[in-house]
Every structure is written in C-alpha cells, then in structure tokens.
Amino acid sequence: MAPSPSPICRDLHLHVSSFIDAFVDFSVSGIFFLRNPSSPDAEIRTHYPPPDRLVAVGDLHGDLPKSLQALGIAGLIDPGTGHWTAGSTTAVQVGDVLDRGADEIGLLYFLHRLKQDAAARGGALLTMLGNHEIMNIESDFRYVDPGALPYFEDWARWYGAGSKMKSLCPPLGPQPDIFRGVPRRLAGVREEFQSGFRARIAALRPAGPISKRFLSDNPTVLVVGDSVFVHGGLLKDHVDYGLERINQEVRRWINGRSGRRSPSFVRGKDSVVWLRRFSEESERKCDCSMLEHVLATIPGARRMIMGHTIQQMGINGVCQNRAIRIDVGLSKGCGNGLPEVLEIKGDTKEMRILTSNPIYRNSKMFESGLRDGDKVGLGILLPENRIKRVEVKA
C-alpha cells in the first residue's frame, strides 16, 4: 500500500499560491508579510473596550511621508524601521487614505503591515472608511492625483504576473482576469491616463483585489470605550438603523456581494462619511443639541471624533468636547497642514493634542489638560480651548 502524501505535499499548491502572493506584495511595495485572509461573511467588530491609551489620527490622503510623521509624533512607530512601538495602545485612523496624493498604494500596504505588527505587540491599529474610499470603490475619481496612476499600473502588472504563475499550477487552475468588465477605452480620459485609470478601476471596484484586501475589513463606524469614531458624523437615523448593520452592509458591498452602488447611508451630504453638521470650525455652526441627542442613543458614548472637514486651527473640540475634529489637512495635496494627533489617556480621560507645531513649545495657553466638561471654543486661538497641546519632534 502506497504511503499517503504528507500534508506539505498534499497542500503544495496552496504554499505555491502563498509564495506568489508574497512575491507580488514585495515587488509592489517592498514589504514582505504573510497574508491573513478573512471570510467575507465575518462580521466587522464595532465595539472595543477602553484602552489604557487611545490615539486618533485624521485624514492622510496619499501622503506617506507626512503620515509617518503623524504616526511618529504619536509614538506609534519607530521612525527608522516603521515598526510598531506603542505596546498596548489602540490607534484609530478615521479614513480618507485615498485621493489627493500619489502614495496611496504604498500607504495601504504600510498600514496593513502596521496592523499586523501592532497586533503582534499587544496593540491595535484600526483603520476606517472615509468618503474618498467610498468614492473610489464607485469609480468616482474626481480627486485622484495623476502621480498615483503609475503605481496602480505597476500593481496591475505584478498582479497579472502572479496570476499567470498561479495558472501554471494545475490545482490552482486559470486565474480570473482582473480587467474583466473594465472598458478598454474610458470616455473623457486622456490617452496617457487610460492605462492607469483602468488599473485603478480593476483594483478598487467592488470585489477588486485592493478594495477587498485593504478596505473591506475597515469599519464605517467604531466605538472605542466612550468615544464614537466616524469619518463625517452620525445622526439619530443612522444609530436607529444600527451601527453593526451599517458596518456589515458596507462590507458586503465592498466584497461585491450587493451590487455596484454603495448603500444609501454612505451617499449624500447627510451620510455617515459626508456629514459636516458637527465639524464646521465655528462652534456656532455646530448643532450641539442634536449631537447630544445622538450620543445619548449610543450606550456609554461621551464624544464623537471625526475627520473629513479640514480644521485650519488644528485639532479642536466644541460642544463641551462632545465633538472632536481631527482632520488637519495633513497631506501636501490637501492643505499640507502640520501633523497633529489626539491622545486620550484611559485612566484620567485627559485629552492631549500631540503636535509638530513649534509655536506650542513654550506656550502656557494649553498648560492645563482638558477633561470632559471643560468649555471648548474655536480651535487654538481661544483660551477657553484647553486641550493640552504638546510639541513632539517627529
């Protein structure tokens, strides 16, 4: 009787597939890591317990160097290696990694690797969806930086090469054509951009390899301790619909399981990724009573932390710190603001703004830490805003 093949031999085609995937990843990004695929039917986690230290990072918009600065001033990474150095810290990035900058592919790969690194070291990096992720999955490319297109072309070439290699292994069989259904000619697109936009559509459309791998596990709404994170904002109708339900339905759409059109709650000016009712810089334009009502419908919620709307004055809070706005327009393609991040210490609930802005080096304006209940005004110029700003060398 012939001996049965060893598991390694029996599953050789799976090892070949994993090796090819790692080869493609390294060729595209220079990063080598093992894949950890998730089931498209698995639920996205919406609620997390309060960590000892919580860091909130705003919109990054395709700017890898400035993103690394922001992560550095938060003490999340080693500036030299890019590895996680923050131990059990939980960090939340509120979406809008795509558009306005050329480093989108590199940034997606880097954040994916950093998530794995953080988890291995007892921490967590949670990345969310913003309106620009939703737009790109719908092939709305109004804010694409042309400099990003060659990177998508490069990704498509390497991905195609990997598919051809896999097709040579009989158990794996022919691989799907990522360009299937993508028009050969895109109306209204200049000739030099045709290939790049076709690759972008193939990568980011529902069930596209990039969107499925890097975006489908991102929540649209997240609750960490007593902080609610959302890119644009939440209304009572959104909470009534169900935060878990929103996350799951957006994930099904990204995975290509519910048509090409995005769910209604991520479309339009009052959607969770587009809302600006709580993020206008002037407190007078923020509907504090509505915000209080929304937070009251989410058990244990004390504040809403949002990106989406650039705060020219830097990170700030209004409505007695129930609305914290953290988009500083960091990307060179979108304001080129100085990197800042929000830090919340779990034991004291003290909030600090870690900033690279040198004007706060000797400032006494923000000596006192901000605790819930303190009055907050407009950005950094008003003394009643007493979120403590600390300059950090990136």
Side-chain angles (χ1 to χ4, degrees), residues 18-39 42 44-45 48-98 101 103-130 133 151 155 158 209-219 222 224-225 229 307 326 330 339-346 354 356 392-394:
S18 295
F19 173 80
I20 293 172
D21 288 339
F23 167 74
V24 171
D25 286 339
F26 186 79
S27 300
V28 171
S29 68
I31 297 174
F32 176 81
F33 49 81
L34 297 177
R35 294 204 177 198
N36 184 24
S38 59
S39 167
I44 294 179
R45 187 172 178 182
Y48 288 77
D52 292 335
R53 180 176 183 251
L54 177 62
V55 170
V57 182
D59 306 29
L60 302 178
H61 279 305
D63 192 328
L64 182 56
K66 295 289 290 292
S67 299
L68 295 177
Q69 288 181 38
L71 298 172
I73 65 173
L76 298 178
I77 61 169
D78 181 307
T81 66
H83 286 296
W84 184 264
T85 57
S88 62
T89 296
T90 292
V92 179
Q93 194 280 318
V94 295
D96 275 11
V97 169
L98 298 180
D103 302 330
E104 298 161 302
I105 292 276
L107 196 48
L108 287 171
Y109 270 95
F110 175 79
L111 293 174
H112 191 69
R113 199 276 305 271
L114 190 60
K115 287 183 188 181
Q116 296 180 345
D117 200 15
R121 298 167 187 252
L125 172 62
L126 309 173
T127 55
M128 301 184 68
L129 296 171
E133 281 73 49
Y151 293 101
W155 166 83
W158 283 112
I210 293 290
S211 62
K212 194 170 183 178
R213 183 178 180 195
F214 295 123
L215 302 179
S216 67
D217 288 337
N218 289 5
L222 192 60
V224 182
F229 290 88
I326 65 171
L330 171 147
E340 291 189 344
V341 300
L342 178 72
E343 176 190 66
I344 303 175
K345 291 292 187 70
L354 307 180
S356 60
V392 179
K393 294 292 186 182

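Here the structure is a predicted model, which means the values were calculated and not measured. Throughout, numbering of the chain's residues begins at 1 and tracks the sequence.
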Would you say [X] and [Y] make side-chain contact, with heavy atoms under 4.5 Å?
{"X": "L129", "Y": "L215", "result": "yes"}
{"X": "Y48", "Y": "F229", "result": "no"}
{"X": "V94", "Y": "D59", "result": "yes"}
{"X": "V97", "Y": "F214", "result": "no"}
{"X": "L71", "Y": "L114", "result": "yes"}
{"X": "V224", "Y": "P51", "result": "yes"}
{"X": "L108", "Y": "L98", "result": "yes"}
{"X": "F26", "Y": "I31", "result": "no"}

Write out all pairs satisfying salt bridge (Lys or Arg N to Asp or Glu O under 4.0 Å) with one or both partners inside residues 117-126, taking only residues at least two apart or from two chains. D117-R121
Partners meeting salt bridge (Lys or Arg N to Asp or Glu O under 4.0 Å) with R53 (sequence neighbours left out): E343
Partner residues of R45 under the salt bridge (Lys or Arg N to Asp or Glu O under 4.0 Å) criterion, sequence neighbours left out: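 R45 satisfies salt bridge (Lys or Arg N to Asp or Glu O under 4.0 Å) with no other residue.
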I need the [X] [atom1] to [Y] [atom2] distance, nearest 0.5 Å.
{"X": "Y109", "Y": "W155", "atom1": "OH", "atom2": "CH2", "value": "8.0 Å"}
{"X": "L125", "Y": "Q116", "atom1": "CG", "atom2": "CD", "value": "11.0 Å"}
{"X": "I77", "Y": "L68", "atom1": "CD1", "atom2": "CG", "value": "5.0 Å"}
{"X": "H112", "Y": "L107", "atom1": "NE2", "atom2": "CG", "value": "13.5 Å"}

Where the side chain of [X] meets the backbone of [Y], is there a donor-acceptor pair that is under 3.5 Å apart?
{"X": "Q93", "Y": "A56", "answer": "no"}
{"X": "S67", "Y": "G62", "answer": "no"}
{"X": "E133", "Y": "G130", "answer": "yes"}

SB check D25 R213 (cutoff 4.0 Å): yes
Could you note down all residue pairs passing ring pair (Phe, Tyr, Trp, His ring centres under 6.0 Å) where residues 53-76 supplies at least one of them, sequence neighbours left out? H61-H132
List the atom of [X], the atom of [Y], and the distance in Å for their closest heavy-atom pair.
{"X": "A70", "Y": "V341", "result": "O-CG1, 3.6 Å"}
{"X": "W84", "Y": "A124", "result": "CH2-O, 3.7 Å"}
{"X": "G75", "Y": "T85", "result": "O-OG1, 3.2 Å"}
{"X": "I73", "Y": "P339", "result": "CD1-O, 3.4 Å"}

I'd like to check the side chain to side chain contact (heavy atoms under 4.5 Å, CB included) partners of S27; sequence neighbours left out, ordered by chain and number.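 Per chain and number, S27 pairs via side chain to side chain contact (heavy atoms under 4.5 Å, CB included) with F23, W158.
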For D63, what residues pass the side chain to side chain contact (heavy atoms under 4.5 Å, CB included) criterion, not counting sequence neighbours?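 If we apply the side chain to side chain contact (heavy atoms under 4.5 Å, CB included) test to D63, skipping adjacent residues, the hits are P65, K66, D103, S331, K332.
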Atom CZ of F110 with >12 non-hydrogen neighbours under 6.0 angstrom: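 Atom CZ in F110 is packed in, count exceeds 12.
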